[in-house]
Every structure is written in C-alpha cells, then in structure tokens.
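Just below is one structure, and these are the notes that go with it.
Reminder, nothing fancy here: chain letters follow the sequence lines and each chain counts from 1.
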Protein chains: 2
Amino acid sequence: MFIAEDICQKLRENGKKVTPQRRLIYKALEGKTTHPTAEDIYNDVRAVIPDISLATVYKTLRELVESRFLLEIQVDGDSSRFDPRTDPHSHLKCIGFKVGTNGEYLPCGRLEDISTTYPTLHVSPEELHGYKLIGNEVMFLGYCPACQNS
Amino acid sequence: MFIAEDICQKLRENGKKVTPQRRLIYKALEGKTTHPTAEDIYNDVRAVIPDISLATVYKTLRELVESRFLLEIQVDGDSSRFDPRTDPHSHLKCIGFKVGTNGEYLPCGRLEDISTTYPTLHVSPEELHGYKLIGNEVMFLGYCPACQNS
DNA sequence: TTCGCTGCAAAGGGTTTGCATATTG
DNA sequence: CAATATGCAAACCCTTTGCAGCGAA
C-alpha cells in the first residue's frame with residue numbers, strides 16, 4: 001500500500017531528505033488508479049508548487065520505482081505510466097481512439113487494474129529453450145465505454 | 001508466413017516500387033526468430049548496401065507493420081523489436097543481465113516466440129469497467145540459459 | 001517521364017544528466 | 001555545516017520528417 005508518509009519516513013531512515021516537492025509527488029500518487037504519466041504528476045503538483053521542475057518529478061519517480069514503491073508500466077511506444085499498486089496484478093488497456101482538438105486521432109490508452117493473476121500459465125518444455133521461468137504479465141486489450149461508440 | 005518475394009509483389013500491385021533496399025530488408029527479416037531491432041536490420045543490410053540509410057530501414061519497417069506483414073514488439077523502454085511471425089502468439093523474455101565491454105550491466109533482453117495462446121483468459125464482470133474485451137497478450141519472464149549462471 | 005524512393009540532416013518526444021544554487025537535517 | 005535536492009538547460013536515444021536528387025516502372 002502506497003502511503004506518502006511511510007515513504008517520507010523511509011527517506012529519513014536512509015539519510016535522504018524530505019522536501020516539499022517529494023512529499024507532494026508522493027501525495028499525488030497515493031491511491032491513484034489512473035496510471036498517470038510523469039507529465040500528469042507534474043501538472044498535479046504544479047497546482048501547488050508552480051515552479052517545480054519536470055526533471056525533479058522524473059528523478060523522484062525513478063527513485064520510487066527503484067525502491068519498489070511504484071510500478072512503471074510501459075505499453076507500446078507511449079510514455080511510462082506509473083502505478084502505486086505494486087502487488088502482482090494485470091492490466092486492461094483501451095485500444096480505441098479519441099478525436100483530438102484538431103480532429104486528429106489519438107490513442108485512448110485508458111488503463112485499468114485487474115486483480116486477477118495467472119500464476120499457473122505455463123510454457124511447454126520444448127518452447128522454454130532452457131529458460132528458467134519466473135512469471136508472466138498479462139495485458140488485456142479492449143475498448144473502454146467511451147471508445148465503443150466512436 | 002513472411003516471404004520477401006510475396007511482399008515485393010504486393011508492392012507492385014499497389015503501385016509502389018521494389019527497390020534493392022526494400023528487398024534486402026525483407027530478406028533480412030524472412031524467417032528470423034531473433035526479434036531484431038531496426039538497428040540490427042540496418043547492420044545486416046549494410047553488409048550488402050553499405051550506404052543504406054537508417055531512415056530507410058525505419059520507413060520500410062513502419063510500412064510492413066502498417067500493412068500487417070510484421071509485428072512490432074515493445075517491451076519496457078527498449079527500442080522496438082520486430083517479428084515476421086504475425087499469427088497470435090506469446091513471448092518469453094529474458095530479464096537477466098549481461099556484462100558489457102566496459103564492465104557495465106546491460107539487460108539481456110533475449111526474446112523467444114511461444115506458440116501457445118490463451119484465448120480463454122477472462123476478466124470478471126466487475127473488473128471489466130464496461131470495457132469490450134478483444135484479446136490479451138501474455139509476456140513470460142525468465143532467465144535464458146546464458147543468464148542463469150551470472 | 002513520372003512518381004515514388006532514397007539519403008541526409010534536422011527535428012521530435014520522452015527521459016536523463018551536469019552543474020550551480022538552494023534547502024534539509 | 002555538510003550533504004542532499006532542486007531547477008535549468010543541455011544532452012540523449014530512438015524514431016520520424018522534410019526535402020533535393022535519384023531511380024524504378
């Protein structure tokens with residue numbers, strides 16, 4: 001469970017510093033299920049600290065990912081999405097398109113958490129090629145309610 | 001099945017031109033199971049046409065993907081990998097690390113085809129969030145033989 | 001001859017990095 | 001006060017684009 005204050009405490013324990021920027025980024029992530037991009041977080045935080053730098057957001061997110069407080073999800077060539085939920089779970093992605101303000105088609109990209117895991121999926125020995133299997137990730141694809149009508 | 005000459009023929013039918021560059025890129029992909037990057041293909045082709053441009057390789061790969069002769073696989077933040085096998089299948093990715101020439105650790109990234117598909121995986125109605133489910137992609141993770149010892 | 005294609009170089013988007021300054025503990 | 005963070009701008013990497021010249025049909 002991603003709790004901003006827990007992470008602040010961990011920072012102090014490790015001799016790192018709790019800055020207003022960091023705390024705000026943590027708070028912006030807390031409980032979020034929308035899988036925001038770095039840019040999304042940047043915009044959230046700017047409402048409070050207007051001249052925070054995007055680089056700071058990137059650095060802070062990178063730390064969280066490396067200390068396993070945050071999951072980084074990379075689908076297709078899109079920018080990374082971040083998920084404060086780090087227990088094993090799957091995702092469901094919308095492959096529909098929205099119409100942009102200039103009439104161009106933009107991938108919707110909505111992403112939902114799916115709690116189900118599939119620990120029993122396996123690979124036949126002859127297809128394993130000698131690999132030691134560790135796990136799997138399932139990405140479901142579909143059309144979100146908004147994209148089914150367009 | 002990805003056959004270079006078939007694709008050349010399709011080009012002609014569509015009023016496009018069969019150039020030595022294109023034909024060579026097609027041939028470089030034919031039957032390849034290593035999931036090469038654009039750079040890999042570029043290097044292959046340069047052995048024959050030393051001053052082919054990387055841009056030409058990218059443009060040609062993009063066309064193949066858009067005409068569904070080629071699958072583009074994007075895992076993590078790595079550069080795109082291309083797969084001439086376009087029937088539905090899964091992949092098995094090595095998450096180990098190699099030691100580079102300067103002693104740095106580089107993700108191995110070896111990628112294998114897995115023929116099995118999982119058309120029956122489903123999502124519970126309450127987790128569907130109203131999405132219309134189309135399919136799924138499974139990525140298996142493990143350590144390839146070379147990475148199990150390091 | 002006519003399009004379509006190539007190679008080049010420049011631009012693009014997302015992300016990271018170096019560094020001088022500012023801030024935390 | 002020392003060490004760590006910040007903001008800025010520049011650098012990076014992969015990929016795409018614009019364009020003048022070239023080559024396939």
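Checked for salt-bridge contact, E112(A) and R110(A) meet the test: a charged N lies under 4.0 Å from a carboxylate O. A salt bridge links R23(B) with E5(B): the distance from a Lys NZ or Arg NE/NH1/NH2 to an Asp or Glu carboxylate oxygen falls below 4.0 Å. Salt bridge annotation for E72(A)-R81(A): absent, with no cationic side-chain nitrogen under 4.0 angstrom from a carboxylate oxygen.
Here the nucleotide nearest the side chain of T19(A), chosen from dT15(D), dT6(C), dT6(D), is dT6(D). Comparing dT6(C), dC14(D), dA24(D) against the side chain of P20(B) picks out dA24(D) as the nearest. If you check dA5(D), dG7(D), dT15(D) against the side chain of T56(A), the one that comes closest is dG7(D).
Along DNA chain C, the nucleotide closest to G77(A) and the one closest to K17(B) are compared, and the more 5′ of them pairs with K17(B). Nearer to the 5' terminus of DNA chain C, by closest-nucleotide assignment, is the contact made by G15(B) (compared with the other of G15(B) and I49(B)). Both A38(B) and V57(A) lie close to DNA chain D; mapped to their nearest nucleotides by heavy-atom distance, the more 5′-ward contact belongs to V57(A).
The CG-P distance, from L106(A) to dG13(C), rounds to 13 Å in whole Å. Atom CZ in R23(B) sits roughly 13 Å away from atom P in dT6(C) (whole-Å rounding). The separation between E63(A) atom CD and dA5(D) atom C1' is 9 Å, rounded to whole Å. Put simply, OH on Y42(B) is 14 Å from P on dT15(D), counting in whole angstrom units. Note: CG (L61(B)) to P (dT6(C)) measures 12 Å, nearest angstrom. Between the C1' atom of dG25(C) and the CG atom of N14(A) lies a distance of 15 Å, rounded to the nearest Å. Rounding to whole angstrom units, CZ of residue R62(A) and P of dG14(C) are separated by 15 Å. Across the protein-nucleic acid pair, L54(A) atom CG and dA10(D) atom C1' stand 14 Å apart, rounded to whole Å.
Residue contacts for Q21(B): at a heavy-atom cut-off of 4.0 Å it reaches the sugar-phosphate backbone alone, with no base atom in range. Residue T37(B) is classed as having no contact, given no heavy-atom separation below 4.0 Å to the nucleic acid. When heavy atoms are screened at a 4.0 angstrom cut-off, D51(B) is found touching the sugar-phosphate backbone but no base atom.
By the 6.0 Å and 45° rule, R22(B) does not stack over the aromatic ring of Y26(B).
With a 6.0 Å radius and a threshold of 12 heavy atoms from other residues, nucleotides or ligands, Q74(B) has its CD atom above the threshold.
Of the possible donor and acceptor atoms, one in the side chain of N136(A) sits under 3.5 Å from a partner among the backbone N and O of Y118(A).
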Under-3.5 Å N/O pairs linking protein and nucleotides 17-20 of chain C:
unit_1  : atom_1 : unit_2 : atom_2 : d
dG18(C) : O6     : K59(A) : NZ     : 3.2

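Tested against K32(B), the residues D40(B), D44(B), D83(B) include a single salt bridge (Lys or Arg N to Asp or Glu O under 4.0 Å) partner, D44(B).
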